[in-house]
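These notes concern the structure reproduced below.
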There are 2 protein chains.
Amino acid sequence: MATNTKDRILDSAELLFAQQGIASTSLRAITDHADVNLASVNYHFQSKDALVQAVLNRRLNPINQKRMELLHALLHRPDGVPPTVEEILEAFYRPVTEEAIKTRREGRPIVALIGRMYTEPGELLASQIRAMMSQVAAGYLDALSIALPGIPPPILFWRLQFSVGVLAHTFGAMHLIEGLARGRVNVNDSEDVLRQMIAFAAGGLRSPVQ
Amino acid sequence: MATNTKDRILDSAELLFAQQGIASTSLRAITDHADVNLASVNYHFQSKDALVQAVLNRRLNPINQKRMELLHALLHRPDGVPPTVEEILEAFYRPVTEEAIKTRREGRPIVALIGRMYTEPGELLASQIRAMMSQVAAGYLDALSIALPGIPPPILFWRLQFSVGVLAHTFGAMHLIEGLARGRVNVNDSEDVLRQMIAFAAGGLRSPVQ
DNA sequence: CCATTATTAAAACGGACGTTTGACTGAATG
DNA sequence: CATTCAGTCAAACGTCCGTTTTAATAATGG
């Protein structure tokens with residue numbers, strides 16, 4: 001557990017948001033879990049809305065930064081070999097998967113929050129996500145259009161969104177998938193899940209255009 | 001607008017749940033919108049939780065029933081021709097798409113709620129969805145294993161979940177996708193969206209197993 | 001028509017919510 | 001040593017929440 005109040009609030013808020021949802025999590029539940037005073041939330045974050053933004057920024061900014069780094073590395077390899085669809089997808093999926101692995105190891109299963117935020121209601125949240133995603137989406141769309149020159153851009157746009165959906169749903173509805181699996185698959189083997197997602201999305205991206 | 005109180009409540013609740021989320025929608029907001037008395041919710045539905053279940057059941061039961069009918073029709077065609085992957089996917093996707101078209105035509109854009117419910121927090125909701133989905137998922141998994149005999153069942157299970165993710169994210173995050181599209185695609189052409197989803201998921205389901 | 005049941009209505013219940021206030025702490029600064 | 005100031009704290013603010021109560025009003029069946 002973090003030692004300073006601000007990080008304790010962020011940690012507890014993130015965990016409870018992931019477990020119960022944002023709207024259903026009260027500031028009192030957060031401050032009780034973090035063992036800090038109720039008023040310290042408004043002191044450090046001004047409002048609950050701002051706290052929500054801070055929680056998401058702290059987790060998503062590193063992920064999206066990593067995505068851009070990995071993509072840049074793929075596009076500027078010393079040998080000049082253009083990246084495959086699978087490599088582009090791995091660059092997009094892996095940073096989230098790594099967070100899933102790390103936070104689960106720490107006993108803080110917060111990846112459901114990452115998967116859920118795309119569909120959380122509220123215009124404030126939506127515009128924040130849109131601002132974060134727009135440059136990442138543009139970069140990956142460019143890369144994919146090079147790797148898949150035969151796919152018209154509008155169709156590639158849809159297929160990138162579908163690839164996002166694969167990731168978001170897998171981590172956002174993991175508890176549901178686990179219940180449906182009845183032991184047929186091991187949902188905790190994140191590396192295997194990553195492999196499965198990449199193979200599926202690669203097949204989807206490459207799917208023949210009627 | 002419906003004439004009886006019970007349906008007016010269901011209609012308003014469904015719309016507001018879709019627009020603002022379940023937790024953020026109060027019974028007072030629902031009864032104000034439906035122009036009925038506040039106490040009538042607890043009279044007709046006992047509790048808010050039960051109202052939520054009723055809203056989802058009313059919309060999802062016909063969808064899942066239609067899914068099973070379409071699948072049954074595919075599997076028992078007079079000519080005995082086994083269904084293609086695309087046909088199975090269309091049977092799974094179309095009932096939701098039809099609801100999207102119908103409710104948008106009625107000026108009641110509630111499809112975001114259908115896309116979002118997979119990731120809504122709360123164990124009560126999760127168990128309800130799981131109960132609804134389990135037989136549908138089992139039926140479609142069987143059909144897919146016939147159409148794709150080369151894919152091992154555990155991998156097919158993942159890929160069916162990914163196909164659900166494509167659908168859920170597309171309709172649940174449509175407002176976000178629309179913002180990212182910047183006019184490159186027409187998100188309101190549901191028949192085109194359906195075609196795109198089928199092509200993508202078919203490619204994903206057929207993707208070679210390393 | 002009356003008795004009975006189903007439905008609607010207004011009002012209040014206790015509790016939880018996000019936020020604000022004002023006093024208090026302890027360390028840093030001059 | 002006095003002062004400042006970021007941080008913490010208990011308490012309260014007004015508002016909204018889901019639910020319940022009690023009474024009034026329709027609808028139904030003998």
Side-chain angles (χ1 to χ4, degrees), chain A residues 1-58 113 116-117 120-128, chain B residues 1-58 113 116-117 120-128:
Chain A
M1 179 90 91
T3 57
N4 68 83
T5 301
K6 198 166 178 176
D7 286 336
R8 293 171 70 92
I9 293 172
L10 286 170
D11 286 346
S12 294
E14 180 179 63
L15 181 65
L16 295 178
F17 287 164
Q19 290 176 344
Q20 326 173 5
I22 295 174
S24 308
T25 301
S26 68
L27 296 185
R28 283 170 176 83
I30 294 169
T31 54
D32 283 357
H33 182 273
D35 203 28
V36 300
N37 188 271
L38 168 62
S40 57
V41 174
N42 287 282
Y43 176 78
H44 286 286
F45 300 95
Q46 288 77 51
S47 68
K48 185 185 178 180
D49 268 343
L51 170 63
V52 171
Q53 291 190 249
V55 167
L56 291 183
N57 277 324
R58 183 179 68 146
L113 178 62
R116 206 188 290 140
M117 48 163 218
E120 279 271 349
E123 190 43 45
L124 202 153
L125 225 53
S127 64
Q128 188 190 359
Chain B
M1 181 89 92
T3 56
N4 67 83
T5 301
K6 198 166 178 177
D7 286 337
R8 294 170 69 91
I9 293 171
L10 285 170
D11 285 346
S12 295
E14 180 179 63
L15 181 65
L16 295 177
F17 287 165
Q19 289 176 345
Q20 326 172 5
I22 296 174
S24 308
T25 300
S26 69
L27 296 185
R28 283 170 177 82
I30 294 168
T31 54
D32 284 357
H33 182 274
D35 201 30
V36 301
N37 190 270
L38 168 62
S40 57
V41 174
N42 286 283
Y43 175 77
H44 285 285
F45 299 96
Q46 287 78 49
S47 69
K48 185 185 177 180
D49 269 342
L51 170 63
V52 171
Q53 292 190 247
V55 168
L56 291 184
N57 277 325
R58 183 179 67 146
L113 178 62
R116 205 189 291 140
M117 49 162 218
E120 279 272 348
E123 190 42 45
L124 203 153
L125 224 53
S127 64
Q128 187 191 357

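These numbers were taken from a predicted model, which means no experiment stands behind them. A, B, ... follow the sequence lines: proteins, then strands. Residue 1 opens every chain.
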From CG of N4(A) across to P of dA6(D) the rounded distance in Å is 17 Å
Distance, nearest 0.5 Å, that separates CD1 of I9(B) from CD1 of I30(B): 8.5 Å
Pairs satisfying side chain to side chain donor-acceptor pair (under 3.5 Å), at least one member in residues 1-13 of chain A, at least two apart: N4(A)-D7(A), D11(A)-R58(A), S12(A)-H33(A)
Is L113(B) close to E14(B) at the side-chain level, that is, under 4.5 Å between some pair of heavy atoms? yes
Note: contacts of residues 9-32 of chain B with DNA chain D (heavy atom, under 4.0 Å) are T25(B), S26(B), L27(B), R28(B)
Which pairs with one or both residues in residues 24-44 of chain B pass salt bridge (charged side-chain N to carboxylate O under 4.0 Å, His left out), sequence neighbours excluded? none
Which pairs would a plain distance check flag for residues 36-46 of chain A, meaning a side-chain donor or acceptor within less than 3.5 Å of a matching protein atom at least two apart in sequence or in another chain?
unit_1	atom_1	unit_2	atom_2	d
N37(A)	OD1	A39(A)	N	2.9
S40(A)	OG	N37(A)	O	2.4

Rounded to the Å, how far apart are N37(A) CG and dT8(D) P? 9 Å
Using a 3.5 Å cut-off and no angle test, enumerate the donor-acceptor pairs between side-chain atoms of residues 17-27 of chain A and protein atoms at least two apart in sequence or in another chain.
unit_1	atom_1	unit_2	atom_2	d
T25(A)	OG1	L16(A)	O	3.3
T25(A)	OG1	G21(A)	O	2.6
S26(A)	OG	A29(A)	N	3.0

To 10°, what angle do the rotation axes through the five end pairs on each side of the helix from dT4(C)-dA27(D) to dG30(C)-dC1(D) form? 0°
Per-nucleotide protein contact along nucleotides 20-25 of chain D, 5' to 3', at a 4.0 Å heavy-atom cut-off (B base, S sugar-phosphate only, - neither), is B-----
Side-chain donor-acceptor pairs under 3.5 Å in residues 49-57 of chain A, sequence neighbours left out?
unit_1	atom_1	unit_2	atom_2	d
N57(A)	OD1	Q128(A)	NE2	3.3
N57(A)	ND2	Q53(A)	O	3.1

Going 5' to 3' along DNA chain C, between which two nucleotides do contacts with chain A fall, using a heavy-atom cut-off of 4.0 Å? dC17(C) to dT21(C)
